[in-house]
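Let me begin by presenting the structure, written as C-alpha cells, before commenting on it.
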Amino acid sequence: MQGKIIGISGPTVTVDLEDLTLYERVTVGYHKLQGEVVRLKSTGAVVQVYEETKGMSVGEPVVRKGSPLTVRLAPGLLNDIFDGLQRPLQRLGDEFGPFIRPGDMLSVVPCETRYNFIPEKKAGDEIRAGEYVGYVDEGRFRHYIPASRGGIVGQVMEGDICPDDPVVILEDGHRVLTYQQWPIRVSRPYRKKLFPRESLVTGQRAIDFLYPLARGGTAVLPGGFGTGKTILEQAVAKFAEVDIVVYVGCGERGNEMAEMLEEFRDLTDPWTGRQLLERTILVANTSNMPVAAREASIYTAVSMAEYYRDMGYHVLLLADSISRWAEALREISSALEEMPGEEGYPTYLASRLSGFMSRAGVVETLNGKIGSLSMVLSVSPPGGDFTEPTTQACLRNTGTFLMLDTDLAYRRHFPAINWSQSFSLYDAEMAEFFSREISPTWSDLKKRCQALLNKEEKLREVAEIVGAEGLQDTDRLLMFVAEQIRSTFLCQNSFTEDAFSPPEYTFELIEKLINIYDSGIARLEKSEPLPEILQDIET
Ligand SMILES: Nc1ncnc2c1ncn2[C@@H]1O[C@H](COP(=O)(O)OP(=O)(O)OP(=O)(O)O)[C@@H](O)[C@H]1O
Ligand SMILES: [Mg+2]
C-alpha cells in the first residue's frame with residue numbers, strides 16, 4: 001500500500017497512510033528511507049525515520065512494509081561492523097564510498113557466501129519452532145540453524161549451500177532458511193531464566209576482585225567527561241572471558257570505533273589465542289550518524305546477542321554510551337510533542353531502559369542449552385551529576401555499579417573505579433565462584449583489602465589535620481600499604497602489558513600485598529622501627 005508525506009519535522013514524518021499498525025516498518029520518500037510508525041492518528045500516522053531526512057519534501061511516496069523493524073539473524077554476523085539498522089558498513093564503504101547516502105542498502109550477508117551445512121534432522125522427523133535442524137561453521141563457532149516453524153521434515157539439504165537456500169523443507173512445503181528476520185523490540189524466547197552463578201572474568205583487577213561481574217548479569221559504569229569509560233569498555237571487550245562480544249558505539253566519537261576495529265584486527269583473545277575480531281560484532285551509530293537509528297541500534301545489537309546466546313554461548317553486550325541513546329529517545333519524543341518528564345526525557349525512559357536491561361540473563365534455551373547474555377553499559381551523566389534520570393534509571397536495574405570518579409581520573413588513577421561507592425549485587429555468588437576456582441581465601445582477602453582501603457580513607461582525614469607524623473606507627477604502616485594497593489593493584493594501565501590480569505595473578509598480587517602488611521605489623525609488635533620496615537617494603 002502506498003501513501004504520501006504530509007509533514008516533516010526533523011527525523012519524524014507525518015504520512016497519510018491509513019490502517020498502519022504501531023511499530024510497523026515503512027519506506028519513506030524517493031530514496032526509500034527506512035522508517036517505523038511511532039504514533040497513529042485518527043487520520044494518518046507519524047513515522048520515525050532512521051536516516052537523514054534533509055532534502056525530503058511533502059508529497060513524496062510512503063510504502064508500508066507490513067512487518068516491524070527487524071534484524072537478519074544468520075551465519076556471517078561475526079567479524080563484521082554494522083550500523084544501527086544492521087547495514088554492513090565495511091561492504092557499503094567498498095561499494096558506495098566512505099559516505100553512506102540515504103537509502104543505500106546491501107544484504108547483511110553477501111549472496112555469494114557459501115556454507116557447509118551439516119544436518120541434524122532427517123526426513124520424517126517432527127520438529128518444533130526454534131529447534132535446531134543442523135549447523136554450519138562460522139569461524140571457530142558452530143552456528144546452529146533454528147527452524148522457523150514446527151512440522152514434519154520432508155527434505156533435508158546437506159553440504160554446500162548459499163545464504164538464500166533452504167536447509168530443510170517441511171512436508172507442508174515450508175522452507176527453513178539459514179536466516180530469519182527478527183523484530184528488534186521483541187526479546188527472543190527461552191525456556192527459563194536462571195540465576196547468574198558464574199563470574200564474568202574481565203581481567204581488570206578492580207572489577208574482578210572488588211566488584212565482580214556475573215555471566216548473565218548487568219553492569220553500568222557512569223562517569224563524567226574523560227573518566228575512562230571508553231577505555232574501560234574496550235578493555236572489557238578485549239579481555240572478558242566470553243565466547244562472543246557485541247560492542248555498540250552509541251552516539252560516541254567515530255574515530256574511537258575506527259581505532260577499535262583496527263586494534264581488534266591485530267589483537268588476540270587471551271583465552272583462546274584467536275584473532276579478537278573473530279568473536280566480535282561491532283554496531284556503530286556514532287555521533288555523526290542519524291539520531292533515530294541510534295535509538296534502534298541497541299535493540300539491533302541485543303537481538304543479535306540473544307541469537308548467539310540461544311546457541312548456548314556466553315555473550316557480552318557492551319554499549320558506549322547509554323546516555324546518548326537516552327538523548328536520542330528524548331530528541332524523538334520532543335519531535336513527537338510528547339509530554340516531557342524529568343530533564344525533558346520522556347516519562348517512559350526508565351521503563352524502556354529496564355525493558356532493555358532485562359534482556360540480559362542466564363537462560364535455558366528452547367534447545368535445552370545454557371547460554372548467557374551479559375551487559376556492560378557506560379553512562380555519561382552531564383556535568384558528572386549522578387542524580388540525573390539516566391544514571392538513576394540504570395542504577396535501579398543494574399547488578400554491578402562501577403562508579404568512575406573524576407578525582408581519581410584527574411590524579412591519573414585508571415581505571416578510575418571508586419572503591420567506596422561502587423557495588424556488586426553478585427558479590428556473594430562470585431566470592432563462592434572465585435573461592436572454588438582460584439583460592440579458598442579469596443573472600444577473606446577481599447574483606448581485608450576493603451577494610452584496609454576504608455580505614456585508609458578515615459586516616460587520611462585525620463592525617464590532614466594532625467599531619468602524618470601525628471599518627472601511630474601501625475596506622476602509618478596501613479596508609480603505606482594501602483597506597484601500594486591503590487597504585488600497583490587497583491591501577492591498571494590499558495596501554496601496557498598489565499592491561500590484562502588473569503584472576504590467578506590478581507590473587508597472587510593482592511595476597512603478596514596483604515602479607516607485606518601482616519609481616520610489617522608483626523615486626524612493629526617486636527618493636528622494630530617503622531622507617532626500617534617501610535624501607536624494606538619499598539625495596
Ligand atoms: N585504563 C587506563 N589506562 C591508561 N589510561 C587511561 C585508562 N583509562 C583512561 N585513560 C586515559 O584517560 C583518557 C580518557 O579516557 P576515555 O576516552 O576512555 O574517557 P571517556 O570517559 O570515555 O571520555 P568521554 O566522556 O569524553 O567519552 C584516555 O585518553 C587515556 O589517556
Ligand atoms: Mg568515551
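Positions are given from 1, in the same order as the sequence printed here. Each ligand, and each atom within it, is numbered from 1 in the order the structure gives.
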_Residue and atom names of protein N/O/S atoms that fall under 2.8 Å from the Mg ion (ligand 2)_ = Thr230 OG1

*Would you check if there is a donor-acceptor pair between the side chains of Ser333 and Glu338 at a distance under 3.5 Å?*
yes

*Counting N and O atoms only, with roles assigned by atom type, does the side chain of Thr218 sit under 3.5 Å from a partner on the main chain of Gly399, one being a donor and the other an acceptor?*
yes

*For the residue pair Phe500 and Trp271, is the inter-centroid distance of their aromatic rings smaller than 6.0 Å?*
yes

*Measure from the side-chain N and O atoms of Thr488 to the backbone N and O of Ile485, and report whether any donor-acceptor pair falls under 3.5 Å.*
no

*Could you give the distance from CH2 (Trp419) to CG (Leu210), rounded to the nearest 0.5 Å?*
9.5 Å

*asked:* Could you check whether Tyr313 and Phe141 have their ring centres less than 6.0 Å apart?
replied: yes

_Under 3.5 Å: donor-acceptor pair, side chain of Glu511, backbone of Trp442_ = no

*Out of Arg188, Arg72, His143, which one pairs with Tyr307 under the side-chain hydrogen bond (donor to acceptor under 3.5 Å, both in side chains) rule?*
His143

*asked:* Let me confirm one number: the CG-CG distance from Asp243 to Leu78, rounded to the nearest 0.5 Å.
replied: 10.5 Å

_Residues in the immediate environment of ligand 1 (any heavy atom closer than 4.0 angstrom)_ = Gly224, Phe225, Gly226, Thr227, Gly228, Lys229, Thr230, Ile231, Glu252, Arg253, Arg412, Phe414, Gln492, Asn493, Ser494, Phe495

